[in-house]
Q: 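Let me give you the structure first, and then I'll get to my questions.
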Amino acid sequence: MNKNSLLKICDLTSEEIFHILEDAAAFSSSQSDWQFPRKTLVANLFFEPSTRTHFSFASAEHQLGACVENFTAQGSSVEKGESLYDTVKTFESIGYDAVVIRHSQDEYFKELEDIRIPILNAGDGCGNHPTQCLLDLLTIYQEFQTFQGIKVAVIGDITHSRVANSIKEALGMLGGEVAFSGPDEWVAKDAYYKRVDEAVQWADAVMMLRIQHERHKETMAMSRAEYLERYGLTKQRAAMMQPHAIIMHPAPVNRGVEIDSDLVEAENSRIFKQMSNGVLVRKAVIKRALGYEFE
Ligand code: CP
């Protein structure tokens, strides 16, 4: 495996996380025009649906002057039975300098130990989503200028969420705290658990999660309206948030299910800011992966 790959947030030290966030922030100011000094080819391999991650990686790569190819399994030789390893090895063999991969299999990258070009994990099953975590961290840091003592309540389908795992690991490293809340079947009642109302009042950032229907074996018994009332961020619950607290969501958002539609673009919502930060973070991560020093 290439040492510049980014597979899990916990593969980074807190110092490396801060370097990436600083470099990402610099892309919005001092190094906004930075581009690769030589021809660089990047392939985005998406085996699972994505809008934000796929196209913010593509946007970041284009802005850095890379040649970008977007691969989806449909219409490729995956349909003829080609393995993940052989697909990635093909991109390496035909001259790509790095690959971005999203796949439904937890820790798919364990099959890719022998790949020599950097791999950037754009989400593996219910496991990890390191660049989502970095953009969440950048958004939190912009707001509070620290992670020390910052409390993030993650509410919803925790069991099937790679976002929840990643932010828990990162904030644990950086001095913040995470609480989880949601329906009993999707949240462990461990030391991290809080009831929804309690979590909303406790947090500096309330991060709502979509119900990951695609990873469920059974159809949810509750109606959308019932879910919103019992576990979602309603206007009534949002009014319980601390005055300085912000609303976050990795998106895609199911408006009217985990969050009242009017709150998505409320004054204290940072949901679309998270998406803009995704491009900055991915520029920093691609630059790092290809061996360019932080500015
Ligand atoms: N947040 C996120 O990963 O969104 P996409 O599935 O659209 O990439």
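Order of listing sets the numbers, starting from 1, for every ligand and every atom in it. Just so it is clear, the model here is predicted, and its values are computed rather than measured.
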Q: Honestly, is Lys168 close enough over Tyr192, meaning NZ or CZ under 6.0 Å from the six-membered ring centre and within 45° of the axis?
A: yes

Q: Suppose I only count heavy atoms of Thr51 and a 4.0 Å limit; which atoms of ligand 1 are within that range?
A: 5 (P), 7 (O), 8 (O)

Q: Quick one: nearest non-hydrogen protein atom to atom 4 (O) of ligand 1, plus distance?
A: Arg52 NE, 3.1 Å

Q: For ligand 1, is Ala251 a contact, meaning one of its heavy atoms is under 4.0 Å away?
A: yes

Q: Backbone or side chain, does any N or O of Arg102 fall under 3.5 Å from an N or O of ligand 1?
A: yes

Q: For ligand 1, is there an atom lying under 4.0 Å from some heavy atom of Glu48?
A: no

Q: Taking the side chain as C-beta and beyond, is there a heavy-atom pair between Asp23 and Arg288 under 4.5 Å?
A: no

Q: Salt bridge or not for Lys235 and Asp262, using N-O below 4.0 Å?
A: yes

Q: For a quick test of reading the model, state the closest non-hydrogen atom pair linking Ser5 to Ile117 and the distance between them.
A: OG-O, 4.3 Å

Q: If you take all heavy atoms of Cys126 and Asn165, which pair is closest and at what distance?
A: O-ND2, 3.0 Å

